[in-house]
Amino acid sequence: MDDNKKTEVSADSSSSNKNFIREIIDEDIKNNKNDGRVHTRFPPEPNGYLHIGHAKSICLNFGLAKTYNGKCNLRFDDTNPAKEDVEYVDSIINDIKWLGFDWEDRLFFASDYFEQLYEYAVKLIKDGHAYVDSSSIEEIKEMRGTPTQPGTLSPYRERSVEENLKLFEEMKAGKYKDGEHVLRAKIDMSTPNMKLRDPLLYRIRHEHHHRTGDTWCIYPLYDWAHGQSDSIEGITHSICTLEFENHRPLYDWFLDKLGIHHPQQIEFARLNLSYTIMSKRKLLELVENKFVDGWDDPRMPTISAYRRRGYTASSIRNFSEKVGVAKRDGVIDLALLEHSIREELNKSSNRVMAVLRPLKIVITNYPENKTELLTAVNNPEDESSGSREIPFSRELYIEQHDFQENPHRKFFRLSPGREVRLRYAYIIKCEEVIKDETGNIVELHCTYDPETKSGSAQSQRKVKGTIHWVDADKSIDAEVRLYDRLFNVPAPGSDKDKDFKDFINPDSLEILKNCKLEPGLQNSQSGSRFQFERLGYFCVDSKYSTNENLVFNRIVTLRDSWAKIEKRNKS
RNA sequence: UGCCGGAUCGUCUAAUGGUAGGACUACGCCCUUUGGAGGCGUCUGUAGAGGUUCGAAUCCUCUUCCGGCAACCA
């Protein structure tokens, strides 16, 4: 949780980058609109965990407030008790804090305003702008018309103010069952903007609310609650995503009829990430049907999952900055997110050696009972991180992938009769390949060149490859989890014919049990991050790792030009 | 077919009538005791057609394509 103290890789999210929203705000300030005040808000519904798309919105709203010396509220739009839960409230609060943002004493809930909202509705009724409709769901749907056909007027549309008031009070008092009546705004049933065709304001729900308990049995709909909540909080710029563009005239209508403070709504394109699904409904489905191990499964695009996987808050903030803000909707390449965390961890994380798929080697000309301590640099990008000593002896493990019996011509690592450098140690030569009865390679016999010890005067001899290793006797065991993208198509959520679950990547998780790590890793703290040299960045899993059974998550691989050559050769 | 929005390198994003630039990706070279990092370089773009203008990604007209809207969800 100390991410926020770490060195920022680049400018923080409050800085420079211009976008169309900032131009609007600049203009507003110039005109002294709202007395030059800037007040934004992040308004999640507590019906799921926050994902990377929310992170963009959070960084935008809190970032804008910071840039303009304004304020940003956290407000839960909790108007639908059937779908909402305190578990989600808690996770959302935790995630935003972790991202590094502070709403100070301005934590609000739309449910804080239920009484006020009710009074606003009464005013609308009194002014002849709202009515109680006793039609069924189906009838209301039928009367709404279609985008190309006007709707028709409800038979209850001309009820008197007195009758509407009485009915609405009775609705509130619990006299009616769910669905018997609704309160609707009286606007226009033939307007081409469907949102304006007498939208529903209240529905009857005899449901327990996570904050108001059983006080209410009528609940405001989002469209009725949202704009007024912003108004009540004195929000100056209500930033939301593109799909609410059609709602803006409706919010304007409410604010106008109520004669209250009028925030300015500005819509921007939500974040889409390739190979990723962002719908909370679909993410819930993955969780409920156990396709993943909870909301924080490191393959999920949720903030809690990225945190558990090992992403830093600053890398996500930097990513949010890099994706930009515009009205055109598009898809961000997952590679940009990966770039953001690599960029940071390259500078900040210590290097260690770990062998994921061990192959034993015996250095036949190295003394049997000798162990040397060799010096290894902790982070070549950061001199202050110092160095450490690692044990070296006759029997070692190297990566199975670093040996090829019949090497490809561009394979620079170990193969029979060839030499390779062991990182921070000696140059070795493969003399003999030992196999079992079935022909599997079980061990390599090598010799080392004592003149080539790392750092010594004679160590200058060049070999084509350098590989990592650990001491067979002194190394420790760990479990390492390798993650790949959860879906194997770029846009799993947008196929019209197929269900998104059909695109789940069956190889998105690989669990490696007998990995060998250099001994210094024994007491690594939960959540700490390392670069496993030549492999990638890894993080001690906060859910399953213990001192007895270390579990590491792969955050992201290193860029790997050999992997590219291999891939190209296969295709 | 109605309304609202949108269209600039492969992907995001700048240029607000005056040299189409940056980032990511890809590719190449250099460097390298991480095939990492780093350095240098290359490729690729204004949806189309007209018009206004000395000059248009930008202004005007038409066309095309894409997204959103018909939950008692948010």
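Below, chain A is the first sequence line, B the second, and so on; all start at residue 1. Keep in mind that this is a model prediction, so the values were computed, not measured.
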Worksheet item: Hey, is NZ on A:Lys282 packed in by over 12 heavy atoms from elsewhere, all under 6.0 Å?
Response: yes

Pick the [atom1] atom in [N] and in [M], then give their distance to the nearest Å.
{"N": "B:rC62", "M": "B:rU52", "atom1": "C1'", "answer": "15 Å"}
{"N": "B:rA57", "M": "B:rC9", "atom1": "C1'", "answer": "14 Å"}
{"N": "B:rA14", "M": "B:rA7", "atom1": "C1'", "answer": "16 Å"}
{"N": "B:rC4", "M": "B:rG41", "atom1": "C1'", "answer": "45 Å"}

Fill in: With A:Arg41, the side chain to side chain donor-acceptor pair (under 3.5 Å) member among A:Asp77, A:Asp230, A:Asn61, A:Asn73
A:Asp230

Worksheet item: Does any residue of residues 183-199 of chain A have a heavy atom under 4.0 Å from RNA chain B, and if so, which ones, in number order?
Response: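 Going residue by residue through residues 183-199 of chain A, the ones with a heavy atom under 4.0 Å of RNA chain B turn out to be A:Pro192, A:Met194, A:Lys195.
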
Among [options], which nucleotide has an atom closest to any side-chain atom of [X]?
{"X": "A:Tyr222", "options": "B:rG5, B:rU33, B:rA74", "result": "B:rA74"}
{"X": "A:Thr466", "options": "B:rA26, B:rG35, B:rA74", "result": "B:rG35"}
{"X": "A:Arg559", "options": "B:rC24, B:rA37, B:rA74", "result": "B:rA37"}
{"X": "A:Ile140", "options": "B:rC69, B:rC72, B:rG10", "result": "B:rC72"}
{"X": "A:Thr146", "options": "B:rC72, B:rA74, B:rA70", "result": "B:rA70"}

For [X], answer base if it contacts any base atom (sugar-phosphate contacts may also be present), sugar-phosphate if it contacts only those atoms, and nothing otherwise; contact means non-hydrogen atoms under 4.0 Å.
{"X": "A:Glu533", "answer": "base"}
{"X": "A:Thr241", "answer": "nothing"}
{"X": "A:Glu381", "answer": "base"}
{"X": "A:Lys280", "answer": "nothing"}
{"X": "A:Thr148", "answer": "base"}

Response to the item:
Between A:Glu243 and A:Arg144, whichever has its closest RNA chain B nucleotide further toward 5' is A:Glu243

Item to complete: Would you kindly compare A:Glu245 and A:Arg342 by the position of their nearest RNA chain B nucleotide and give the one closer to the 5′ end?
Response: A:Glu245

Worksheet item: Distance only, no hydrogens: is a donor on one side chain within 3.5 Å (strictly under) of an acceptor on the other, for A:Asp198 and A:Tyr131?
Response: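 Yes, side-chain donor-acceptor contact under 3.5 Å.
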
Discussion item. Between A:Arg248 and A:Cys240, does the side chain to side chain contact (heavy atoms under 4.5 Å, CB included) criterion hold? Intermediate values first, please.
Written reply: CA-CA 10 Å; A:Arg248 178 158 29 88; A:Cys240 65; over 6 Å; no

Item to complete: On the 0 to 90° scale, with breaks at 30° and 60°, tag the A:Tyr202-A:Tyr118 ring pair as parallel, tilted or perpendicular.
Response: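 Answer is perpendicular, since the angle exceeds 60°.
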
